[in-house]
Amino acid sequence: MRIIWVVVGALIGLIVGAAVGFGVALAAMSAGPQRSDGTYGMREMLVCLPAGILFGLAAGLWWGLTTTLAAG
């Protein structure tokens, strides 16, 4: 049963992390100066989106491993 909670936690963490990373990237794009070189938002997306996914995956795995629901 624990493996199910780990997988569920990892999937939820990936999805939520991607959404949060995307939102942070959008906020960072709107806060900074607009560049007109065709790369508007690419640096933010290349940093914030994978970072959000990794943090979300780590949080989901941690939740899946430490949840009391997995004891049953």
Inset, instruction - Any pair with a residue in residues 12-32 that passes salt bridge (charged side-chain N to carboxylate O under 4.0 Å, His left out), sequence neighbours left out, goes on the list, sorted by first then second residue, please. - result: none
Inset, instruction - Give, for atom CD1 of Ile15 and atom CD1 of Ile53, the distance between the pair rounded to the nearest 0.5 Å. - result: 10.5 Å
Legend entry - Distance, nearest 0.5 Å, that separates CD1 of Ile12 from CG of Leu57: 12.5 Å
Inset, instruction - Answer yes or no: is there a side-chain heavy-atom contact under 4.5 Å between Val47 and Arg43? - result: no
Legend entry - Minimum heavy-atom distance Leu26-Met45, with the two atoms named: CD2-CE, 4.2 Å
Inset, instruction - Could you tell me which non-hydrogen atom of Glu44 sits nearest to which non-hydrogen atom of Ala28, and how far apart they are? - result: CG-CB, 3.7 Å
Inset, instruction - Check whether Val6 and Phe55 end up in the same hydrophobic cluster, where Ile, Leu, Val, Met, Phe, Trp and Tyr are linked by side-chain heavy atoms less than 4.5 Å apart. - result: no
Inset, instruction - Working to the nearest 0.5 Å, report the span between CH2 of Trp62 and OG1 of Thr67. - result: 9.0 Å
Inset, instruction - Output the distance between atom CG (Leu49) and atom CG (Leu54), rounded to the nearest 0.5 Å. - result: 10.0 Å
